[in-house]
Number of protein chains: 2
Amino acid sequence: MRVSRTLDPMDEDFLRLDNQICFSLHAATRAFNGVYRGALKELGLTYPQYLVMLVLWEHGELPVKGIGERLRLDSGTLSPLLKRLEAAGYVERRRSAEDERSVTVRLTADGTALREKALGVPRRIAAATGLDLAELGELRERLHVLAARLDGVDPDDVAAACG
Amino acid sequence: MRVSRTLDPMDEDFLRLDNQICFSLHAATRAFNGVYRGALKELGLTYPQYLVMLVLWEHGELPVKGIGERLRLDSGTLSPLLKRLEAAGYVERRRSAEDERSVTVRLTADGTALREKALGVPRRIAAATGLDLAELGELRERLHVLAARLDGVDPDDVAAACG
DNA sequence: CGCGATTGAGTTGTGCACAACTTAATCGCG
DNA sequence: CGCGATTAAGTTGTGCACAACTCAATCGCG
């Protein structure tokens, strides 16, 4: 009963298009990472570390779980990353008093001060894209919708249909 | 002399927008990866391995360098990845006769056969995005332009302007 | 209250990305 | 031809993403 699907000549086109789309996304992300890498080197931050700092600059202080919710990252990724940010002197981690399971991450003076040096980064990145603010905003919106849609997909659905 | 730049109130807006854009791109890529992960599990492939297989299904046989050029990946990434694809029985690697520096990667019978099972994947992914072919094509084009633009940027330019 | 279920953080193991490096083969210029 | 420069692949080391797991603290229901 699934023969009609796997023999569909459209699938050939999909495979070709897929080649281009998934590669484009992959390549765009890595290109972005590369440009950020250059911009962030002087701050001593990697790109994911910069994301965490952005969140902390906005919220001041958050539990690890709160950072993870905002960046969709789990403790397996955040724990070592935060340990490195702490070693760099940009954040402090302290066990919460109310809930001993929770760890609160707070900016140090150095971490707060780093924001001043980071202010120039986004403008430079935006310039490198060659897009104006409106176009960047639209791209952001599209990617946001796409990510939300994909995050809502049941993995088993996709797996089941591709067996 | 750079005070006039770092005090520009626009930089505050850029930092906020940047927060959203770079996060959106990051999140979209990881969401895509997640959906592919589910779809590719039954094929025994990771997403980057799938990209390599797509290239090989199209070209049949390529030197490592040729794969790297098409996917913008270096030997540090490809060598171990190809070793795993070889261990899985999907490709063969053989030292080129004409140029002993080069290694030719070729599909095995299993690797070629795997394409049939992969044909159903992209359709399923496309469905998960909720976008039609035209929209996907447009997204691909935008990302392609963006990546090309960012790849062309001199890293030192960006670094210099963010000191 | 007491105990099983849940939750938050961390650890371990695998794979990818990339920088910096090594090694061996080829190229090309004098 | 000979030798320094370049090139292809591979290795090493760091950091991220994620799955699967541990452990301790908290929750919540009987």
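Below, chain A is the first sequence line, B the second, and so on; all start at residue 1.
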Of the candidates dT26(C), dA9(C), dA19(D), the side chain of S102(A) sits closest to dA9(C)
note: L51(A), atom CG; dG15(D), atom C1'; distance rounded to Å ~ 14 Å
Considering only heavy side-chain atoms of H26(B), the closest of dA17(D), dA19(C), dT11(D) is dA17(D)
Of the candidates dG15(D), dT11(C), dC18(D), the side chain of Q49(A) sits closest to dG15(D)
Has the side chain of W57(B) got a donor or acceptor atom that lies under 3.5 Å from a matching backbone atom of L107(B)? no
Side-chain donor/acceptor contact of S75(B) with base of dG10(D) under 3.5 Å
yes
V103(A) has its side chain closest, among dA19(D), dA9(C), dA9(D), to dA9(C)
Of E98(A) and L73(A), the one whose nearest nucleotide on DNA chain D sits closer to the 5' end is L73(A)
K41(B) NZ to dT14(C) P, in whole Å, measures 17 Å
> Would you say a side-chain N or O of K83(A) is under 4.0 Å from OP1 or OP2 of dT14(D)?
Replying inline: no
Practice prompt. Could you tell me whether E86(B) and R94(B) have a side-chain N and a carboxylate O separated by less than 4.0 Å?
Written response: no
When both distances are under 3.5 Å in a Watson-Crick or G-U wobble arrangement, the nucleotide paired with dG30(C) is dC1(D)
Between CG of D74(A) and P of dA20(D) the distance, given in whole Å, is 12 Å
Ranking R30(A) and R93(A) by the position along DNA chain C of their nearest nucleotide, the one closer to 5' is R93(A)
Lys/Arg-Asp/Glu bridge criterion (N-O < 4.0 Å) met for R142(A), E138(B)
yes
Checking S102(B) side chain against D99(B) main chain: does a donor-acceptor pair fall under 3.5 Å?
no
Quiz item: Which of parallel (below 30°), tilted (30 to 60°) and perpendicular (above 60°) describes Y47(A) and H26(B)?
Solution: perpendicular
Taking the basic N atoms (NZ, or NE/NH1/NH2) and the acidic carboxylate oxygens, is any pair closer than 4.0 Å for E92(B) and R106(B)?
yes
Whole-Å distance, N33(A) CG to dA19(C) P, equals 11 Å
When rounded to whole Å, the CZ to P distance for the pair R94(A) and dG8(C) reads 20 Å
Atom CZ of F32(B) and atom C1' of dA17(D) are separated, to the nearest Å, by 18 Å
Quiz item: Contact class for T77(A) (heavy atom, under 4.0 Å): base, sugar-phosphate, or nothing?
Solution: base
Rounded to whole Å, the CG-C1' distance (L82(B) to dT11(D)) equals 15 Å
With the side chain defined as heavy atoms from C-beta on, P63(B) is closest, among dG15(C), dG10(D), dA9(D), to dA9(D)
Taking for K65(A) and for E100(B) the nucleotide of DNA chain C with the nearest heavy atom, the one nearer the 5' end belongs to K65(A)
Using Watson-Crick geometry (N1-N3 plus N6-O4 or O6-N4) or G-U wobble (N1-O2, O6-N3), each under 3.5 Å, dA20(D) is paired with dT11(C)
Of dT26(D), dA17(D), dA17(C), the nucleotide closest to the side chain of R101(A) is dT26(D)
Atom CG of D99(B) and atom C1' of dT23(C) are separated, to the nearest Å, by 14 Å
